[in-house]
Number of protein chains: 2
Amino acid sequence: MTYIEDTLVALADPTRRAIFEKLKRGAAPVGVLAAGLPVSRPAVSQHLKVLKQAGLVTDRAEGVRRIYAINRAGLTAMRDWIDGFWDTALEGYAAAFEDEANGEEHK
Amino acid sequence: MTYIEDTLVALADPTRRAIFEKLKRGAAPVGVLAAGLPVSRPAVSQHLKVLKQAGLVTDRAEGVRRIYAINRAGLTAMRDWIDGFWDTALEGYAAAFEDEANGEEHK
DNA sequence: ACTTACCGTAAGTGATTACTTACTGATAGT
DNA sequence: ACTATCAGTAAGTAATCACTTACGGTAAGT
């Protein structure tokens with residue numbers, strides 16, 4: 001299982017987002033993904049590891065290359081998490097007060 | 001305008017997510033949000049600043065208190081960004097190759 | 001077998017950042 | 001006016017993390 005924590009952390013980094021958005025065009029090996037980016041190829045490998053653990057990409061071996069592709073699992077997990085905030089009360093100030101106001105002793 | 005960068009960075013932090021999820025129950029002042037969290041109240045203020053700049057919360061003054069509430073703008077921006085990945089090719093390896101294979105001179 | 005191409009990992013470094021305490025400001029009540 | 005409450009800001013610190021170079025390991029070609 002993959003947690004929303006990992007997904008958000010993975011996509012918060014600009015370099016990882018650049019890699020992820022490159023995969024929009026289709027699956028690609030590491031070398032192709034690293035080309036054009038302002039970081040070294042090992043850096044891309046490290047980022048891909050994070051993206052994989054977040055459920056955002058999959059990898060398959062093809063000869064000596066490793067082909068990475070977008071994995072929808074991470075995206076759906078993120079979508080579901082966002083949707084959980086959709087039907088929340090934008091107001092409801094009093095309610096939050098009564099529930100959370102423990103912790104300060106009434107002097 | 002708020003950028004996807006800020007939104008993702010804001011929600012990547014566990015403390016900020018905890019604050020944001022507390023607001024699910026409804027709007028609340030800083031003191032109430034800070035209660036129960038393992039960080040100081042100034043820390044919560046700093047986090048709320050980041051969340052606000054990311055378009056995830058709004059704040060309004062109410063006497064000496066500052067009431068924070070969820071702002072759907074940041075959430076919709078995030079949803080739209082995710083949806084942009086939805087109709088991508090999971091394969092299409094060759095296509096990516098031909099386009100991106102510039103950068104290495106054919107020796 | 002040797003070489004070449006491709007990729008992941010190890011180790012070390014610099015910069016970012018989340019946190020603390022101390023303070024300043026503003027509002028409300030007595 | 002004085003006091004108390006609530007919250008944002010300043011400054012300093014410790015830990016995280018994205019990056020580099022160096023290395024090791026595997027697959028394919030000659």
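Residue numbering restarts at 1 for every chain, and letters A, B, ... go by the order of the sequence lines.
Residue B:Arg66 contributes atom CZ, which lies 10 Å from atom P of C:dT27 at whole-angstrom precision. Atoms CG (B:Asp13) and C1' (C:dT17) sit 9 Å apart, rounded to a whole Å. The separation between A:Asp59 atom CG and C:dT9 atom P is 10 Å, rounded to whole Å. Rounding to whole angstrom units, CD1 of residue A:Ile67 and C1' of D:dA27 are separated by 13 Å. If you take CG of B:Leu37 and P of C:dA18, they are 15 Å apart, rounded to a whole angstrom. Rounded to whole Å, atom C1' of C:dG8 lies 14 Å from atom CD1 of A:Ile19. Taking atom CD of residue B:Glu62 and atom C1' of nucleotide C:dT27, one finds them 13 Å apart after rounding to whole Å. Rounding to whole angstrom units, CZ of residue A:Arg65 and P of D:dG29 are separated by 11 Å.
An OP1 or OP2 oxygen of D:dC19 is reached within less than 4.0 angstrom by no side-chain nitrogen or oxygen of A:Ser40. Contact check, A:Ser45 against C:dC7: no side-chain N or O comes under 4.0 Å of OP1 or OP2. For C:dC19, one of the phosphate oxygens OP1 or OP2 lies less than 4.0 angstrom from a side-chain nitrogen or oxygen of B:Thr15. A close approach under 4.0 Å does not occur between any side-chain nitrogen or oxygen of A:Tyr68 and OP1 or OP2 of C:dC6. In this structure, A:Arg16 reaches the D:dA18 phosphate: one of its side-chain N or O atoms is under 4.0 Å from OP1 or OP2.
The base of D:dA7 sits within donor-acceptor range of the side chain of B:Arg41, with an N or O pair under 3.5 Å. Judged by distance alone, with hydrogens and angles left aside, B:Gln46 brings no side-chain donor or acceptor close enough to the base of C:dT17 to form a pair under 3.5 Å.
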Subject >> CA sep, side-chain torsions, deciding dist, call: A:Trp81, A:Leu8, side-chain contact (heavy atoms from CB on, under 4.5 Å) >> reply: CA-CA 11 Å; A:Trp81 185 78; A:Leu8 288 166; 4.3 Å; yes

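Under the 4.5 Å side-chain heavy-atom criterion for Ile, Leu, Val, Met, Phe, Trp and Tyr, B:Ile4 and B:Trp86 are members of the same hydrophobic cluster.
The 5' end of DNA chain C is approached more closely, in terms of each residue's nearest nucleotide, by A:Val64 than by the other of A:Val64 and A:Pro42. Where A:Val39 and B:Val30 each meet DNA chain D at their nearest nucleotide, the meeting point lying more 5' is that of B:Val30.
In terms of modelled atom types and a separation under 3.5 Å, the side chain of A:Arg16 and the main chain of A:Ala10 share a donor-acceptor contact. Within the 3.5 Å criterion, the main-chain N or O of B:Gly55 finds a donor-acceptor partner in the side chain of B:Asn71.
For the pair B:Lys24 and A:Phe85, the cation-pi criterion (under 6.0 Å, within 45° of the ring axis) is fulfilled.
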